[in-house]
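Reckoned from all heavy atoms, side chains included, excluding hydrogens, waters and symmetry mates. Just so we're on the same page: letters track the sequence lines, and every chain starts at 1.
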Protein chains: 2
Amino acid sequence: MITKKAEYAIIILTELASHPQGTVVTSKEIARSRALPPNLVVQLLAVLKEEGWTGGTRGPSGGIKLLVDPSEINLRQVIEIIDGPIGITRCLFSDTPCQNKTHCSLRGVWARAQNNMLSVLEEVTIRDLAEKAPRDC
Amino acid sequence: MITKKAEYAIIILTELASHPQGTVVTSKEIARSRALPPNLVVQLLAVLKEEGWTGGTRGPSGGIKLLVDPSEINLRQVIEIIDGPIGITRCLFSDTPCQNKTHCSLRGVWARAQNNMLSVLEEVTIRDLAEKAPRDC
DNA sequence: ATATAATATAACCAATCTAGTTATTTATAA
DNA sequence: TTATAAATAACTAGATTGGTTATATTATAT
């Protein structure tokens, strides 16, 4: 399952993308305006920063800003950064087809189902969300 | 995530479907031939029985058999019987769009992604698996 | 300079879920 | 009547989730 943390990270990026480029927003402000747990916002920003997507300046009048074009970040990327690799079944995490059987038709079904899902998550970007919905979940 | 239990249930049904109609198989035989934990097989068969898909006769020379046409059972059904409703995010479990916002574009994305996945799981039946793969995960 | 506002980092925790195990009961064929 | 098999129920260790708490660090307004 896609975790709430991943969802929160998407919302944080969307919030940042909905501010004029170059301006900074404090993590508390992000948390308040999107009704997210403030401590989680800080925690997630650390991961987004590590990815190079966001950066912050400290001290009074400091804050966070987006460092990349929001159209360059799709939802699959955000989810995988926060949650790790996506897999709708455990089967898809192991790189060898289950145990000692040569091929596994179930695995093929899982893979097709998952790819169908991922194609949607890949084609939607943070920019899309920022444009279409000023305020989200 | 689709649990191993759901996957096991699919495998159990596939195993049953790969035997001549009307013949019975013991739960231990199912477990052995597909390398599943025997106790879990028993546990899952209880659920499948409740659904009316399988039935058993007790005692010596007893066993389990399929009660319905395997082409009538698709993977989505099995997963939902075992795991409960499918949701790739928590958001999709609540029937009201998040909190106090009128609409949520993220929710729409999740729904589209999930439906793309489900369409694959709905179009594949136990019969398909039984035909294409004698032995699976 | 220095208090303060803010990011940044790390460790911790309760509740739930997963993937089982164990034990007991009931029905039936031989 | 007894061995065999399904059926039912309760329990459990370990992992994951969705947080909280505590502390360190840094930049800037005064």
- [ ] Please check if the side chain of B/Asp128 supplies one atom and the backbone of B/Thr125 the other of a donor-acceptor pair under 3.5 Å.
- [x]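 Yes, B/Asp128 side chain to B/Thr125 backbone: donor-acceptor pair under 3.5 Å.
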TODO: Without swapping roles, check the side chain of A/Gln77 against the backbone of A/Asn74 for a donor-acceptor pair under 3.5 Å.
DONE: yes
Measuring from atom [atom1] of [X] to atom [atom2] of [Y], what distance do you get when rounded to the nearest 0.5 angstrom?
{"X": "A/Met117", "Y": "B/Asn115", "atom1": "CE", "atom2": "CG", "answer": "12.5 Å"}
{"X": "B/Leu66", "Y": "B/Thr23", "atom1": "CG", "atom2": "OG1", "answer": "9.5 Å"}
{"X": "B/Ile10", "Y": "B/Leu121", "atom1": "CD1", "atom2": "CG", "answer": "7.5 Å"}

TODO: Considering only heavy atoms of chain B and a distance under 4.0 Å, specify the first and last nucleotide of DNA chain C in 5' to 3' order that meet this criterion.
DONE: C/dT18 to C/dA29
For [X] and [N], what is the distance between atoms [atom1] and [atom2] respectively, to the nearest whole Å?
{"X": "A/Lys4", "N": "D/dT16", "atom1": "NZ", "atom2": "C1'", "result": "15 Å"}
{"X": "A/Leu36", "N": "D/dG19", "atom1": "CG", "atom2": "C1'", "result": "13 Å"}
{"X": "B/Lys49", "N": "D/dT8", "atom1": "NZ", "atom2": "C1'", "result": "9 Å"}
{"X": "A/Met1", "N": "D/dT17", "atom1": "CE", "atom2": "C1'", "result": "10 Å"}
{"X": "B/Leu44", "N": "D/dT8", "atom1": "CG", "atom2": "C1'", "result": "14 Å"}
{"X": "B/Ile88", "N": "D/dT17", "atom1": "CD1", "atom2": "C1'", "result": "17 Å"}
{"X": "B/Ile12", "N": "D/dA6", "atom1": "CD1", "atom2": "C1'", "result": "14 Å"}
{"X": "B/Arg32", "N": "D/dA5", "atom1": "CZ", "atom2": "P", "result": "13 Å"}

- [ ] Give a yes or no on whether a donor-acceptor pair under 3.5 Å exists between the nucleobase atoms of D/dG18, that is its base, and the side chain of A/Lys5.
- [x] yes
Open item on the list: If hydrophobic clusters are built from ILVMFWY residues whose side chains come within less than 4.5 Å, do B/Ile82 and B/Val68 share one?
Closed with: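 Linked, B/Ile82 and B/Val68 end up in one cluster.
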- [ ] Identify whether any heavy atom of B/Lys28 sits under 4.0 Å from a base atom; if not, whether one sits that close to sugar-phosphate; answer base, sugar-phosphate or nothing.
- [x]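 The answer is nothing, as B/Lys28 stays clear of every strand by at least 4.0 Å.
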Kindly give the atom pairs (protein nitrogen or oxygen, nucleotide nitrogen or oxygen) under 3.5 Å for nucleotides 20-23 of chain D.
{"residue": "D/dT20", "atom": "O4", "partner": "A/Gln43", "partner atom": "NE2", "Å": "2.9"}

- [ ] Could you say whether B/Val42 or B/Arg90 is positioned toward the 5' end of DNA chain D, judged by the nucleotide with the nearest heavy atom to each?
- [x] B/Val42
Distance-only donor-acceptor hits, side chain of residues 42-57 of chain A, under 3.5 Å, sequence neighbours excluded:
{"residue": "A/Gln43", "atom": "OE1", "partner": "A/Lys5", "partner atom": "NZ", "Å": "3.3"}
{"residue": "A/Thr54", "atom": "OG1", "partner": "A/Lys49", "partner atom": "N", "Å": "3.4"}

Task: Taking every non-hydrogen atom, the tightest pair across A/Ser27 and A/Ile64 - done: N-CG1, 4.5 Å
Open item on the list: Restricting to non-hydrogen atoms, name the atom on A/Ala17 and the atom on A/Ala130 that form the minimum distance, rounded to 0.1 Å.
Closed with: CB-CB, 3.8 Å
- [ ] Can you sort out which residues in residues 57-64 of chain B have a heavy atom within less than 4.0 Å of DNA chain D? Ascending by number, please.
- [x] B/Thr57, B/Arg58, B/Gly59, B/Pro60, B/Gly63, B/Ile64
- [ ] Would you please name every residue forming a salt bridge (Lys or Arg N to Asp or Glu O under 4.0 Å) with B/Arg32, sequence neighbours left out?
- [x]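 Salt bridge (Lys or Arg N to Asp or Glu O under 4.0 Å) check on B/Arg32 returns B/Glu29.
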Open item on the list: Which residues pass the side chain to side chain contact (heavy atoms under 4.5 Å, CB included) test with B/Gln114, not counting sequence neighbours?
Closed with: B/Ile86, B/Ile88, B/Leu92, B/Leu118
